[in-house]
Amino acid sequence: MKTVVITEVACLTALGSGPERLWQGLMNKESGIAALKRFSCDNYSSSLAACIEGLTAPVGGSRLDHLLEQLAAQLGEVPADARLLVASTKGEIDRLETACRADQPIPRSMLFEPMLEKIAQRFGLHDPGMNINAACASSTIALARGAALIAAGQAEVVLVYAADIVSEFVFSGFSALQALSFAACKPFDSTRQGLNLGEAGVALLLMSAERAGRLGHPVLATVAGWGAANDAHHVTAPARDGSGLILACRKALQKAGISADQIAAVNAHGTATIYNDAMELTAFNALFAGKLPPLHGVKGSLGHSLGAAGGVEAVVAVYALQHQQIPGTVGCEQPEEEGQEALSAQSQKICGDYLLSTNSGFGGINAALILQGVK
Amino acid sequence: MQGWIKGLGWVTPAGSGMGRQTQGVLQPLQAGLLQIPERKDVFAQIDRRFGRLDDFSRVGLAAVTFSLRDAGAEIWEQKRSIGIVAASCYGCLQTDLDYHQTLIPQQGRLASPNLFAYTLPNCFLGEAALRFGLTGNSMIINRRDASRLTAIKVGLEELALSDQSGILAGIVDLAPPPELANDEDLPGGLFFLLERDQGGESYGALALREDELFFDEKRVDNLQQLVAACLNRIAV
């Protein structure tokens, strides 16, 4: 098996542009969650979301076009032989909304295949790319697949590109499901009431360690383990016993060849819905035999960016391992009893080489990634 | 990378079917009008959840069900490490449009939570997972691919690169809105059950080498060829 490394990252979130800005914002306990001005929220259960400031759509285009340009500008040159794995749940959904509201024909260009072509072309890649849709675990599964392909020698370089935007289409749906929090969300807080949506774009360049060495790329972190599993329990609700998440984490530990007690910290999905966060704490307590390592979630700052969430959290994990700290969980003022020792609204020092990052989503899917820091 | 084809099921304009009970169908992948399956077409028992599914999910779930049934793997006691990889061009676009229709009147007040849940195309994978105890990886993939073999190739990669014992790999699409329709559209769902182990009855071995697919060592260029080869094997 080849060693898989992350050599470059780029991101755009409600906290601003670039991974450094993201890290500083999280460490400063900033929140990008604010009053939503993109559309009227009068009939919805919340009026808050974490939007990227100034993210507009070109005439006839999508907000994702703007996002793609900004990410491409951040990222250095990508080898043309890189495989392209995209992770987006709704892609250019804003174009569908525009067409529907104007009673116009649906443009073919809002489908995933033209979007993939656009991304491949922007980065100068030969591979036409593939979009992975596994709900909120999409980008973690894309990272897992990219790592698996490189580890097995099926690819040398993989670009994982993930993006989802805040749209009325999605916002109204979460409102109808009564999943939105009226106030700023509180991941893992005992008084949490639901999630806030967010938007983000993220790109991570994965390579075999040999290729990174040949190209002289600095190594940011190693992708040590990965795993995915379905709850086989419910379409929209998590399994309360956390069985799918536990299985995904155990697969990741096995792949990394480490035991749970070697995990220095956990970046949890932490949507701030009652059932998701309870399920995660149940799963982590089972996985770590009740001795949780420092644990945090970023959605109190960034909102839930759906398909992009796992990719953004992997970027945060890279920085956390480098700095041996995890940001505080914004909004978690009264941590759930099951996570009290591990959770904090303040940043926490960590000590160790490995960080576990997990995501779970509709369709019962769970995915786990273990990153190893560079000494 | 190799796997064994244990089951084949479909819901297409040719009707619903299974590889071992073709009812005279030689090639189920054909253009035409797709009939959305009713509960009684798929499950003998009354099943309220099936009635709540959107059309995309009904077609996908039915095709997965027939594939498992064809393999004799529908009934289960212990959850199984089987994943699902489904390729789709249009995904749940029709459900998106239907949901959006509920969003427009009264500025979102009447947005349908049930329809919204199915605007994520992978939701039917969860439906299949819980019905059949499938705990493997599950994802919808979108990729330009005239051969329609991408999901089969990804399925074989999943088998080779993970500890899953089986993968349901196939395609699902509804007919698109007229403005998006083209001659290459093949509405319907079709899934193979691929397993790591040879044990039990199989249609044959499927191998992936250098991005080319081989069924019993003969190169396969597209999904229709692979389906025809499997059905010929049964006919023989």
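A note on names: the letters A, B, ... follow the listed sequences, proteins ahead of strands, and every chain is numbered from 1. Any value given below was found using the heavy atoms of this structure, including those in side chains, with hydrogens, waters and symmetry copies removed.
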Do the side chains of B/Cys92 and B/Leu120 get nearer than 4.5 Å, heavy atoms only? no
Please tell me if the side chains of B/Phe192 and B/Ile167 come closer than 4.5 Å, counting only heavy atoms from C-beta onward. no
Honestly, the part of A/Leu149 sitting under 4.5 Å from a heavy atom of chain B is both
Answer with side chain, backbone, both or neither: which region of B/Leu93 has an atom nearer than 4.5 Å to a non-hydrogen atom of chain A? side chain
Out of A/Leu306, A/Leu111, A/Ile93, which one racks up the most heavy-atom pairs below 4.5 Å with chain B? A/Leu111
Heavy-atom pairs under 4.5 Å with chain B: which of A/Gly129, A/Ala148, A/Ala248 has the most? A/Gly129
Non-hydrogen atoms of chain B under 4.5 Å away: do they reach the side chain of A/Val170, the backbone, both or neither? both
Step through the atoms of chain B and chain A and list each donor-acceptor pair whose separation is under 3.5 Å.
unit_1   : atom_1 : unit_2   : atom_2 : d
B/Lys79  : NZ     : A/Asp231 : O      : 3.0
B/Tyr90  : OH     : A/Arg108 : NH2    : 3.2
B/Asp96  : OD1    : A/Lys90  : NZ     : 2.8
B/Asp96  : OD2    : A/Lys90  : NZ     : 2.9
B/Tyr99  : OH     : A/Ser172 : OG     : 2.6
B/Tyr99  : OH     : A/Gly173 : N      : 2.9
B/Gln106 : O      : A/Asn43  : ND2    : 3.1
B/Gln107 : O      : A/Asn43  : ND2    : 3.1
B/Arg109 : NH2    : A/Asn43  : OD1    : 2.8
B/Thr119 : O      : A/Lys90  : NZ     : 2.6
B/Asn122 : ND2    : A/Phe362 : O      : 2.9
B/Thr135 : O      : A/Asn230 : N      : 3.1
B/Gly136 : O      : A/Asn230 : N      : 3.2
B/Ser138 : OG     : A/Asn230 : ND2    : 3.1
B/Ile140 : N      : A/Asn133 : O      : 3.0
B/Ile140 : O      : A/Asn133 : N      : 2.8
B/Asn142 : N      : A/Asn131 : O      : 3.0
B/Asn142 : O      : A/Asn131 : N      : 2.8
B/Asn142 : OD1    : A/Asn131 : ND2    : 2.9
B/Arg143 : NH1    : A/Asp127 : OD1    : 3.4
B/Arg143 : NH1    : A/Gly129 : O      : 3.3
B/Arg143 : NH2    : A/Asp127 : OD1    : 3.2
B/Arg144 : NE     : A/Glu117 : OE2    : 2.7
B/Arg144 : NH2    : A/Glu117 : OE2    : 2.8
B/Glu157 : OE1    : A/Arg145 : NH1    : 2.9
B/Glu157 : OE1    : A/Arg145 : NH2    : 2.5
B/Glu179 : OE2    : A/Ile106 : N      : 2.8
B/Leu180 : O      : A/Arg108 : NH2    : 2.4

Decide side-chain contact (heavy atoms from CB on, under 4.5 Å) for A/Leu143 and A/Val158; before the verdict, give the C-alpha distance in whole Å, the side-chain angles of both, and the deciding distance to 0.1 Å. CA-CA 9 Å; A/Leu143 284 163; A/Val158 175; over 6 Å; no
Counting distance only, does the side-chain N/O of B/Ser67 pair as donor-acceptor with the main-chain N or O of B/Phe191 below 3.5 Å? yes
State, with a plain yes or no, whether a side-chain heavy atom of A/Leu125 is found less than 4.5 Å away from one of A/Ile119. no
A/Ile132 versus chain B, the contacting section by heavy-atom distance below 4.5 Å: both
When B/Cys89, B/Ala111, B/Pro113, B/Gly126 are compared by non-hydrogen pairs under 4.5 Å with chain A, the top option: B/Pro113
Can you tell if the side chain of B/Trp10 reaches within under 4.5 Å of the side chain of B/Val59, non-hydrogen atoms only? no
Highest number of heavy-atom pairs under 4.5 Å with chain A: which of B/Leu115, B/Leu125, B/Leu97, B/Ile104? B/Leu97
Less than 4.5 Å to any heavy atom of chain A: does that hold for the side chain of B/Ile141, its backbone, both, or neither? both
With B/Ala71, which residues qualify under side-chain contact (heavy atoms from CB on, under 4.5 Å), at least two apart? B/Lys6, B/Ala73, B/Leu193
Could you tell me whether the side chain of A/Leu206 reaches within less than 4.5 Å of the side chain of A/Val157, counting heavy atoms only? no
Heavy-atom distances under 4.5 Å only: say whether A/Ile141 touches chain B with side chain, backbone, both or neither. side chain
Out of A/Ala229, A/Ala239, A/Cys41, which one racks up the most heavy-atom pairs below 4.5 Å with chain B? A/Ala229
Taking side chain as everything from C-beta outward and backbone as N, CA, C, O, which of these in A/Phe174 sits under 4.5 Å from a heavy atom of chain B? Side chain, backbone, both or neither. both
Decide yes or no on side-chain contact (heavy atoms from CB on, under 4.5 Å) for B/Val11 and B/Ile36, but give the supporting numbers first. CA-CA 8 Å; B/Val11 176; B/Ile36 305 301; over 6 Å; no
Sidechain N-carboxylate O distance under 4.0 Å for B/Arg39, B/Asp41: no
Considering only heavy atoms from C-beta outward, does the side chain of A/Val235 approach that of A/Phe362 to under 4.5 Å? no
When the 4.5 angstrom heavy-atom criterion is applied to A/Ile106 and chain B, the contacting part is both
Please examine the side chains of B/Val154 and B/Met139, heavy atoms only from C-beta on, and report whether any two atoms are closer than 4.5 Å. yes
